[in-house]
Amino acid sequence: MIDQLRTMAIFQSVAELGSFRQAAKTLQLSPSVISHHISKLEEELGTPLLYRSTRRMSLTDAGVALLAASQRMTAAALDGLSAVQRRATQPTGKLTVAASTPFSQSPYVETFTRFAQTYPDVQLSVQLEDHSIPLEGSTIDVAIRGRISDLDDSSYKARKLGKVHFCAFAAPSYVQGRPVPQSIEDLADWDWIQSPPLPWSAIATLADGTEPLRTPRVVATCNNATVGRKFVDEGLGFMIETYPLVAEDFRSGRLVHLLPKVKFRPIDVYAIYPANSPKDGLARVFIDFMMEQSWATEHRFGLR
């Protein structure tokens with residue numbers, strides 16, 4: 001089949017150029033090789049394709065029909081090659097990204113939007129869950145996680161995006177009239193919105209590495225950061241989340257930054273993707289895009 005396609009391409013060149021010699025020059029083959037292929041093709045088809053004379057060459061009816069078919073074949077092949085080239089320069093396809101629910105908020109959700117605008121031919125699918133989705137056997141291309149302890153090194157790779165910092169915050173209506181907290185221990189007298197539902201000891205030790213002596217009263221528990229933030233806005237209590245999610249709220253005064261002098265220990269954030277992902281595939285394109293965002297530098301997330 002491949003030999004026949006090659007011979008059809010040679011025939012097309014002869015027919016379009018009107019000369020064995022010109023076709024040989026264009027294809028960088030000898031005239032005898034060109035003549036051999038045409039004769040072989042006519043023999044296989046059982047009909048002449050060309051009328052040959054010392055002065056001119058013309059196509060038979062069969063030659064006209066074969067030239068049209070060959071030209072359609074060539075056009076289809078060129079379209080296919082162009083499509084592959086366009087895919088390399090302008091990514092296309094479906095990209096599935098898994099992350100935790102805080103990524104539904106600013107500035108993370110705007111990053112997804114900008115990615116979709118930058119690569120309009122990519123169908124972006126975002127799966128937000130408050131628990132880690134098993135990657136093995138899934139269709140997930142990139143998972144953004146704060147840990148890689150359960151990563152199967154043989155099947156997946158992890159690229160460190162950077163570090164993410166936590167902070168404590170509350171609504172102005174809740175803070176008003178309360179003494180300004182100076183340490184993580186002072187928050188034990190406040191009302192805690194537990195989201196995510198982690199023990200206080202796990203969160204408090206991010207501040208100075210020591211176990212807290214007291215635990216704040218849990219006024220609400222939810223495994224969804226959006227719901228937890230709504231509780232905060234309504235003045236139910238304080239919450240601890242990643243700094244980029246609330247930085248703009250601090251600047252605008254919608255939220256109060258509690259313990260601004262207390263440096264919570266950051267956690268590393270990774271982009272996890274299949275080890276066999278192409279070097280220039282959508283997963284790598286998305287990860288590079290994440291690390292180029294301006295907010296990543298501002299909030300120390302995504303630093304190389």
Side-chain angles (χ1 to χ4, degrees), residues 99-111 128-132 144-147 161-269 295-303:
S100 58
T101 55
F103 276 78
S104 65
Q105 303 176 51
S106 298
Y108 304 127
V109 68
E110 284 82 4
T111 301
L128 302 181
E129 301 283 349
D130 279 301
H131 63 277
S132 295
I144 302 174
R145 292 182 177 176
R147 61 188 177 90
L161 296 176
K163 299 179 184 294
V164 63
H165 292 255
F166 287 87
C167 62
F169 56 89
S173 61
Y174 180 81
V175 174
Q176 187 175 8
R178 294 176 179 272
V180 177
Q182 300 298 323
S183 67
I184 195 75
E185 196 67 32
D186 290 344
L187 292 180
D189 297 322
W190 293 41
D191 299 305
W192 178 31
I193 297 170
Q194 192 182 29
S195 176
L198 295 174
W200 181 247
S201 58
I203 293 176
T205 52
L206 289 174
D208 57 14
T210 61
E211 289 285 341
L213 299 176
R214 296 183 300 153
T215 300
R217 183 177 75 92
V218 177
V219 66
T221 299
C222 58
N223 64 353
N224 183 281
T226 302
V227 175
R229 171 59 192 274
K230 182 64 175 176
F231 289 158
V232 171
D233 292 339
E234 295 298 327
L236 292 182
F238 78 92
M239 184 175 165
I240 293 180
E241 246 299 352
T242 57
Y243 183 80
L245 291 181
V246 291
E248 185 57 37
D249 295 306
F250 291 158
R251 285 191 284 264
S252 67
R254 289 189 296 268
L255 291 175
V256 177
H257 188 182
L258 307 176
L259 307 176
K261 295 182 180 180
V262 174
K263 300 300 182 182
F264 286 80
R265 187 172 69 253
I267 63 171
D268 294 330
V269 177
W295 57 263
T297 301
E298 179 183 358
H299 302 305
R300 295 186 55 78
F301 179 88
L303 294 181

- Val256 and Pro172 have their tightest heavy-atom pair at CG2-CA, 3.9 Å
- Item | For Gln194, side-chain hydrogen bond (donor to acceptor under 3.5 Å, both in side chains) partners two or more places apart | Thr221
- Note on the structure: Output for pair (Leu259 CG, Glu185 CD), nearest 0.5 Å, gives 11.5 Å
- Task: Begin from the C-alpha positions of Asp186 and Leu258 and carry the test side chain to side chain contact (heavy atoms under 4.5 Å, CB included) through to its verdict.
- Result: CA-CA 11 Å; Asp186 290 344; Leu258 307 176; over 6 Å; no
- Mind checking side-chain contact (heavy atoms from CB on, under 4.5 Å) for Asp233 and listing every partner two or more places apart, or none if nothing turns up? Arg229, Leu255
- First locate atom CG of Leu213, then atom CD1 of Ile184, and finally report the distance between them rounded to the nearest 0.5 Å. 12.0 Å
- Here the pair of heavy atoms bringing Gly237 nearest to Ala170 is O-CB, 4.0 Å
- Task: Could you tell me which residues satisfy ring pair (Phe, Tyr, Trp, His ring centres under 6.0 Å) with Tyr174, sequence neighbours excluded, listed by chain and number?
- Result: Trp190
- Value for CD (Glu234) from CD1 (Ile193), rounded to nearest 0.5 Å, stands at 10.0 Å
- With sequence neighbours excluded, what pairs up with Arg254 under the side-chain hydrogen bond (donor to acceptor under 3.5 Å, both in side chains) test? Asp249, Ser252
- Does Phe238 reach the side chain of Pro216, with side-chain heavy atoms less than 4.5 Å apart? yes
- Query: Thr226: what forms a side-chain hydrogen bond (donor to acceptor under 3.5 Å, both in side chains) with it, not counting sequence neighbours?
  - Reply: Ser104
- Can you sort out the partners of Ser201 under side-chain contact (heavy atoms from CB on, under 4.5 Å), two or more places apart, ordered by chain and number? Pro199, Glu211, Pro212
- Find the distance between CE (Met239) and SG (Cys222) and round it off to the nearest 0.5 Å. 6.5 Å
- Message: Can you tell me how far apart NE2 (His165) and NZ (Lys263) are? Round to the nearest 0.5 Å.
- Response: 8.0 Å
- Query: Residues in side-chain contact (heavy atoms from CB on, under 4.5 Å) with Thr215, at least two apart?
  - Reply: Trp200
- State, to 0.1 Å, how close Leu187 and Ala168 come at their nearest heavy-atom pair, and which atoms those are. CD1-CB, 4.1 Å
- Who pairs with Asp191 by salt bridge (charged side-chain N to carboxylate O under 4.0 Å, His left out), at least two apart in sequence or on another chain? Arg178, Arg217
- Which residues share a side-chain contact (heavy atoms from CB on, under 4.5 Å) with Cys167, sequence neighbours left out: Phe169, Tyr243, Val246, Phe250, His257
